[in-house]
Amino acid sequence: MTQIAEVIVDVPTMQTNTPYSYEIPPALVDQLQPGMRVVVPFGNGSRKVQGFVWQVKPDAKPDPDVVLKTIDTVMDPAPIVNAELMQLSDWLAHTTYAFTITCLQTMLPNALKAKYQKWVSPTEQLAANIRQQLFGDQSELLWDDSLSTDTVKQLLALNRQHLITVRYEVSNQSKVKKMMMIKPAMTVSELTAARSSLRKTAVKQATLLDYLIDHRDTISQPDLEHQLKLSSSSLKTGEANGWLTRKAVEVYRDPFQTAVVKTKPLKLNPDQNKAVSAICSATDHEQSETFLLEGVTGSGKTEVYLQAMANALSQGKQALMLVPEISLTPQIVGRVRGRFGKQVAVLHSGLSSGERFDEWRRIQRGEAQVVVGARSAVFAPLTHLGVIIVDEEHEGSYKQEDNPRYHARDVALWRGRYHHCPVVLGSATPSLESRARAEKNVYTRLLLPNRVNHQALPQVTIVDMTEELRHHKESNFSGVLLQALQTRLERGEQSLLMLNRRGYSSFVMCRDCGFVLQCPNCDISLTLHMDTKTMKCHYCGHEEPIPHVCPNCHGHHIRYYGTGTQKVEQELTELLPTARVIRMDVDTTRRKGAHERLLKRFGDHQADILLGTQMIAKGLDFPDVTLVGVLNADTALGLPDFRASERTFQLLTQVSGRAGRASKPGQVFIQTYNPDHYAIQLAKTQNYEQFFGREMQLRHRGNYPPYYFAVKLTVSDVEERKAAEAMVKIVRQLKTILSPQAIILGPTPGAIARVNKRYYYQLVIKYKRESQLDSALFKILGQAQKQSRGGLQIAIDRNPMSFM
DNA sequence: AGCACGCCGACT
DNA sequence: GTCGGCGTGCTC
């Protein structure tokens, strides 16, 4: 009996965002399963695209109107997307307004994305001279972007005349790493005989034979070459002579560079104990309960995670732990690996695509029982989840900023429900959304109020910089902070200095006419980068030399303003010439592994001061750091965003926790121009509860989340008028379906009106219940697709992290 | 997305 | 008269 396969094709458009039916060729009947990738013909030409089998069903009653095409080939021997993840991709597509195909691809490692190639070959009828000109001696020509427009024109014409044929190739990007394994193929006596019949000059072969005589087990070719200082040719000779066999074996790329020390579970304090047993009980009873684990820095949250995970493993289940990308330092991974060893797979952006693919395959094959990773690790194909941990659940990096715009925490909760397992959201400063749900008993609140060693919280001093400015010359360092740094230097202790970069950068301005160098593509000032001696745009990457003469008035009084980490570093070396400083920012951590190397150097006491941006606030645990300085606490406060206070409070609380984690007491200085702001005052005492109460009042008054839901809609176009017009139309359309209770903010031009030559307009809808909103937004997306040829782009972000 | 079809301006 | 420019519509 013939079968039909419903296939989601790799054509990310609104119109094709639906399964297409294909006939299953006889050879594949009863072989093909949902979740396998296939190659299918799609469209007018004979173009081939990749697709995912969505459903297999018997050919019930064929619709005479549509003639089905037949599936070309299968790309996988077994499904690469399991039933759970298929369901999840469907849910994701609906909740994030994304295409199903985009969701499927997001869940898989990049190595599994299709690679498309178009090949042309001559027919018999093609004139010999043209054939020679186009193809030379080759039988096929790759048709890609590298061809000249003239050649493309010529090919198109020839194709119309059927003088050439086009072949579409769909292939895997994935590469399975293979390694040659060497094994002796002769007995010792045979090898000894071969050894004695060698010519005297065959030194290399003699060493090889000696080795084979002494070592009878398998060894990898690179290892052997290294050990015996041989080249591969000697081994090939050995193979030809029948001394040994070489066999290519599939191996995993190993992303772990360092070995870890095995650790044992630590003794828990009563609070930790309570938390662990609550989570374990949910795992044991297969309850999809959500826990909000609230614990100040140093209260031992990680140990709670580890023991909850160990319990899941002991039940024959698996554990997934998400951590924010930025804190995915060897410190955290090391602790998990120290406890669970080889069962751990790691997924984060620092891996190469091959390493990522290999870790993913280990999980897929059930060879890893524990997965630690950043945002996208939430899609790890674990099949028997016993517990899911979301560490630092308030972190903004859990939200993906492009399609599908999902929040890893939401996906984690969905998977928890699917697997009937607990989800643990951990934080010292929970997001207001989560804390509010705990208040309503949607989540179970678990508290770790004490630091494990009963250390006192660091002593926090707020430094009023307006006051400082009056007494001293303009500087990034207040007198008290400088004094404290000096003391640490004398005592041989370490300090962390954080520069809050959000909404802040250094730029150049002409002192005579006030001219500020702008990006030609974006409406934003260029940022000064001393290391490359250039001015860069942080939005589009535009780069140009630093001007010495004002381009506007041709004056010579060009001056640097603002504070970049480089400038602070410079001032620091002038003020404290003996201090050894490590600077950590986007510039110094761009190269792979640079982040880890810098932290290791600091951990090894090769520096006194670690100066950095937000990235130093999280997950660091250096016992000799006794001073933390925040140079500019309030740059984020000035931003017109409802989460500005929350972010500031979280950041300050977190960075303060970095001081004095061991036996030595810590001290924190927060420099600010808003010393009385509640976010800063409450961060000083680490009073999360009071902050929560205060902030919730403000959110309630302003009709902000978590009291209201929000959707952000962004429209962009190279022509400002088109973007504005499209937005006006959208607003009109939305107003007809929205209830009077919904609140529309905007439309407003984007915070940076123009980015990369495109103009942005945006709109935020705040609402409580709008039954028609979803369908209206999908309709808007569909309409926008038609205009997308004109360059119009539209993005819909449900539950945006910011309104900017 | 990418391919074909279809309708208008500048060439042999 | 055609060649080829790109605006439109569709893809099982």
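Chain letters run A, B, ... following the sequence lines, proteins first and then strands; every chain starts at 1.
Applying the ring pair (Phe, Tyr, Trp, His ring centres under 6.0 Å) test to pairs two or more places apart or on separate chains, none has a residue in residues 134-167 of chain A. Each side chain to side chain donor-acceptor pair (under 3.5 Å) pair with one or both residues in residues 22-32 of chain A, not counting sequence neighbours, appears once here: A:Q3-A:D30.
Nucleic acid contact for A:Y22: sugar-phosphate only, since backbone atoms but no base atoms lie under 4.0 Å from a heavy atom of the residue. Contact annotation for A:P19: no contact, since no heavy-atom pair falls under 4.0 Å across all strands.
Scored by the side-chain hydrogen bond (donor to acceptor under 3.5 Å, both in side chains) test, A:E393 finds A:R409, A:S431, A:S434 as partners (sequence neighbours excluded). Scanning for side chain to side chain contact (heavy atoms under 4.5 Å, CB included) contacts around A:I744 gives A:K735, A:L738, A:L763, with sequence neighbours left out. The ring pair (Phe, Tyr, Trp, His ring centres under 6.0 Å) test applied to A:Y760 returns no partner, not counting sequence neighbours. In this structure A:D10 satisfies the side chain to side chain contact (heavy atoms under 4.5 Å, CB included) test together with A:P12, A:Q50, A:I101, A:Q105, A:A114, A:Y116, sequence neighbours excluded. In terms of the side-chain hydrogen bond (donor to acceptor under 3.5 Å, both in side chains) criterion, residue partners of A:E84 (sequence neighbours excluded) are, by chain and number, A:R415, A:H419.
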Exercise. Heavy atoms under 4.0 Å is the rule here; annotate nucleotides 2-12 of chain B 5' to 3' with B where the base is hit, S where only the sugar-phosphate is, and - elsewhere.
Key: BSS--------
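Judged purely by atom type and a 3.5 angstrom limit, A:T123 uses its side chain to pair as donor or acceptor with the backbone of A:L163.
Protein atom CG of A:D10 is 11 Å distant from nucleotide atom P of B:dA1, rounded to whole Å.
Mapping heavy-atom proximity under 4.0 Å, the span of DNA chain C touched by chain A runs 5' to 3' from C:dG5 to C:dC12.
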